[in-house]
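In what follows, a structure is listed as structure tokens, so that the remarks can point back to it.
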Amino acid sequence: MQTEGLTKRFGGVTAVDNVSISIVEKQFRAIIGPNGAGKSTLFNLLARHTEPTSGSIAFDGRDISNLPLHRLPSIGIGRTFQKSNLFWHLALRENIRLAVQALAVPPYRFFRSRAVPELDTAVDKILERLGMSAVADQPVATLSHGDQRLAEVAVALGGSPRLLLLDEPLAGMSPQETQRAVEIFKELAKHTTIILIEHDMDVVLHLAERITVLEMGRVIADGTGAEVQSNARVREAYLGLAPSC
Ligand code: ADP
Ligand code: MG
């Protein structure tokens, strides 16, 4: 995925300011930056949930700047939201099933869906990949917080994305839940390009091959963990350290 001069203004606020980034296939990219830096807005642009004020987005060499939102799964992009996007009273299995059904290309015929074995196989595979088979039949509302966050990822996997956008999927997780999720993301990353918004620097440094740092909508650094950590601007702006520290 590549962006060129991507910009989003809300009235007088420039949430994303002239961002040009390039993510190669199978790369694990993290996006970090203080609250209000424009991370979620950048995701909303990449996932076509928000129209850019200016600039362009390309995926797989193709300009998707004007692609309708509903076409996104069909070209291989999946995402999670910072706020929950699940049917809480339905079992986890049913949530994933609905996602697979809705996002499959070509689409399953809704009225025949109960009799489609590939659908069940696809759902079981996702449950296995996330280590959630044991809780598959529980309503999402009764799952632990960590499992609820992973359920968001499970639903995003319903469209078999080649690129997965994860917006703070670890928020509110216990250290044990975080550790488990990190292992799961590592496994997913073997087959999928992942862009992760995350605050925990240990997690980011552990997972990401490349890190993009946003501040006030602008990219202030982009590089490996070591490069970003030694960047004077980042240390000053994000880590709150004097440049000489
Ligand atoms: P982050 O995810 O890095 O915390 P956001 O992308 O949510 O940052 O927000 C970036 C800036 O854009 C903030 O100043 C925020 O208030 C503003 N913003 C985000 N979404 C909207 C919106 N829908 N309308 C107006 N301002 C918005
Ligand atoms: Mg955000």
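All values below come from the heavy atoms of this structure, side chains included, with hydrogens, waters and symmetry mates left out. Counting starts at 1 for both ligands and their atoms, following the listed order.
- Counting only non-hydrogen atoms, the option in G36, S40, G12 that gets closest to atom 7 (O) of ligand 1 is S40.
- Heavy atoms of G33 stay at 4.0 angstrom or farther from ligand 1.
- Here S40 reaches the Mg ion (ligand 2): one of its N/O/S atoms is less than 2.8 Å from the metal.
- Side-chain heavy atoms closer than 4.5 Å link hydrophobic residues (I, L, V, M, F, W, Y) into clusters, and following such links, even through other members, never connects I211 to V24.
- Less than 4.0 angstrom separates some heavy atom of A37 from each of these atoms of ligand 1: 1 (P), 3 (O), 8 (O).
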As a quick check of understanding, evaluate side-chain hydrogen bond (donor to acceptor under 3.5 Å, both in side chains) for T7 and N18, giving each step before the final call.
CA-CA 5 Å; T7 298; N18 199 22; 4.8 Å; no
Show your working on side-chain hydrogen bond (donor to acceptor under 3.5 Å, both in side chains) between D167 and S40 and close with a plain yes or no.
CA-CA 7 Å; D167 192 351; S40 292; 2.8 Å; yes
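- Among pairs with a residue in residues 39-69, those fulfilling ring pair (Phe, Tyr, Trp, His ring centres under 6.0 Å) read H49-F81, at least two apart in sequence or across chains.
- Atom numbering of ligand 1 starts at 1 in the shown order; those under 4.0 Å from a heavy atom of N35 are 4 (O).
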Let me check something: any side-chain donor-acceptor pairs from residues 182-190 under 3.5 Å, sequence neighbours excluded? List them with distances.
residue, atom, partner, partner atom, Å
K186, NZ, H206, NE2, 3.1
E187, OE2, K190, NZ, 2.7

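- Residue F10 has no nitrogen or oxygen atom sitting less than 3.5 Å from a nitrogen or oxygen atom of ligand 1, judged on distance alone.
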